[in-house]
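Numbers restart at 1 for each chain; the letters A, B, ... are given by sequence-line order, proteins then strands.
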Protein chains: 2
Amino acid sequence: MQLSRIIIGDGLNIENIVKKKNLKLTSARRELLEILFYAKNPLSYEDIKENIVMDKATFYRNIIKFEEENIINSFESNDKKRYFEIFQQPHPHFVCSRCHNIECIKERLDFNLEGYLVENIILKGLCKVCNKTSI
Amino acid sequence: MQLSRIIIGDGLNIENIVKKKNLKLTSARRELLEILFYAKNPLSYEDIKENIVMDKATFYRNIIKFEEENIINSFESNDKKRYFEIFQQPHPHFVCSRCHNIECIKERLDFNLEGYLVENIILKGLCKVCNKTSI
DNA sequence: ATTATAATGCGACTAAGTTGCATTAAAGTT
DNA sequence: AACTTTAATGCAACTTAGTCGCATTATAAT
Ligand SMILES: [Mn+2]
Ligand SMILES: [Mn+2]
Ligand SMILES: [Zn+2]
Ligand SMILES: [Zn+2]
């Protein structure tokens, strides 16, 4: 909710975004973008499918389009699934190996890795909640 | 080659390792561990299957056993595949989005992420080689 | 050598994601 | 408002990594 405001700015709604990219605004696309805009964490197809009425193929074809147009970005977790979120500033993600939650990490992780170009960071382990309750 | 010496120490061969964990030493297990010991990078089933004679189910069942016994560890890349390596000190892995190579990162990446327990780090982007040749 | 049990091969299966194709709906044009 | 063009959709079939049940076989202990 706040996220979508921050990213798309005032006056930019789903209609504007989709049309600005020369995509047709279908009900499938509106549904999908609404869910992603209001999500606090990245979501997989499995997370979303209960709340949408489109076919799986339509889902993935729209996901591909949205990624091409930089409306969303995605990454693979360690559960064989791909997770999607509205495109933001690149930031790390944390995958909890106990509760399987996936969180966006706001903190900057500063390290230097000479010669490489790091585009994406995925951390796995215990999230704050699970780490506390693990004695 | 050097790696396996370092980890398992002098006098510790595949026979010892397997028997120490109360696993039966089968030809499938010997084959699999030999390949993993001599590998410079983590390997997937697809990487290995040409060089082994066991069934896919046997491969994965042994992988599971080896992981339970901390003989190997594994992680998922962004190509939907799982990669396996002989268990070592935890260290990050770099997945190149251009050449799709997977490298073990020796450098320590020091950062603090308050409250979390980071068990595993996967970096994605351009490896040294691809980063140089990308202008 | 006999035996108990763990490991194996085979085939069927699951789940994420992809593709071809005929149909439908969006958006522009008259 | 009807017409047309083209993109988007649903459906079904497919691909691929990994899993599982079950009958058979190999390992290692006795
Ligand atoms: Mn995020
Ligand atoms: Mn490694
Ligand atoms: Zn957790
Ligand atoms: Zn590379």
### Query
Looking for any heavy atom pair under 4.0 Å, which part of the strands does A/K24 touch: base, sugar-phosphate only, or nothing?
base
### Message
Salt bridge check, B/E76 against B/K81: does any charged N sit closer than 4.0 Å to a carboxylate O?
### Response
no
### Query
Among D/dA12, D/dA28, C/dA7, which is the nearest nucleotide to the side chain of B/L23?
C/dA7
### Query
Taking the side chain from A/E31 and the backbone from A/V53, do they hold a donor-acceptor pair closer than 3.5 Å?
yes
### Query
Closest nucleotide of DNA chain C for B/F59 versus for B/K80: which of these residues is on the 5' side?
B/F59
### Task
Could you check which of C/dT5, D/dA8, C/dT8 has an atom nearest any side-chain atom of B/R61?
C/dT8
### Summary
Here the distance between atom P of C/dT24 and atom CG of A/L25, to the nearest Å, is 21 Å
### Query
Tell me: CZ of A/R30 to C1' of C/dA25, nearest whole Å?
13 Å
### Task
Quickly work out the A/Y83 OH to C/dG17 C1' distance and round it to whole Å.
15 Å
### Query
With respect to the side chain of B/K56, which nucleotide from C/dA16, D/dA17, D/dT9 is positioned closest?
D/dA17
### Summary
Regarding the side chain of A/R29, the nearest nucleotide among D/dT19, C/dA16, D/dT9 is D/dT9
### Between C1' of D/dA17 and OH of B/Y45, the distance in whole Å
10 Å
### Task
Go through the side-chain N and O atoms of B/T58 and B/D55 and say whether any donor and acceptor fall under 3.5 Å apart.
no
#### Entry: Nearest to side-chain heavy atoms of A/Y60, which nucleotide of C/dG17, D/dA28, D/dA12
C/dG17
### Query
Which whole-number value in Å describes the distance from B/I52 CD1 to C/dA7 C1'?
15 Å
### Message
Which label fits A/F59 and A/F84: parallel for a plane angle under 30°, tilted from 30 to 60°, or perpendicular past 60°?
### Response
perpendicular
### Task
When you get a sec, tell me which of C/dA16, D/dA17, D/dA8 is the closest nucleotide to the side chain of A/E46?
C/dA16
### Query
Taking OP1 and OP2 of C/dT8, is either one under 4.0 Å from a side-chain nitrogen or oxygen of B/T26?
yes
### Message
Just N and O in the side chain of B/N62: are any of them under 4.0 Å from OP1 or OP2 of C/dT8?
### Response
yes
### Task
Can you tell me the distance, in whole Å, between the CD1 atom of A/I64 and the P atom of C/dT19?
7 Å
### Message
Between P on D/dA8 and CG on A/N22, what's the gap in Å once rounded to a whole number?
### Response
10 Å
### Summary
With the side chain defined as heavy atoms from C-beta on, A/M54 is closest, among C/dA16, D/dA28, D/dG10, to D/dG10
### Query
For the side chain of A/T58, counting heavy atoms from C-beta on, which of C/dC10, C/dA7, D/dG10 is nearest?
D/dG10
### Query
If you look at every heavy atom in B/I121 and B/L123, which pair is closest and at what distance?
CG2-CD2, 3.9 Å
### Task
Give a yes or no on whether a salt bridge exists between A/E15 and A/R30, defined as a side-chain N under 4.0 angstrom from a carboxylate O.
yes
### For atom CD of B/E69 and atom P of C/dA6, their distance in whole Å
13 Å
### Task
Find which nucleotide of DNA chain D each of A/D55 and B/D79 is nearest to by heavy atoms, and output the residue with the more 5' nucleotide.
A/D55
### Query
Which is true for B/K65 with a 4.0 Å heavy-atom rule: it touches a base, it touches only sugar-phosphate, or it touches nothing?
sugar-phosphate
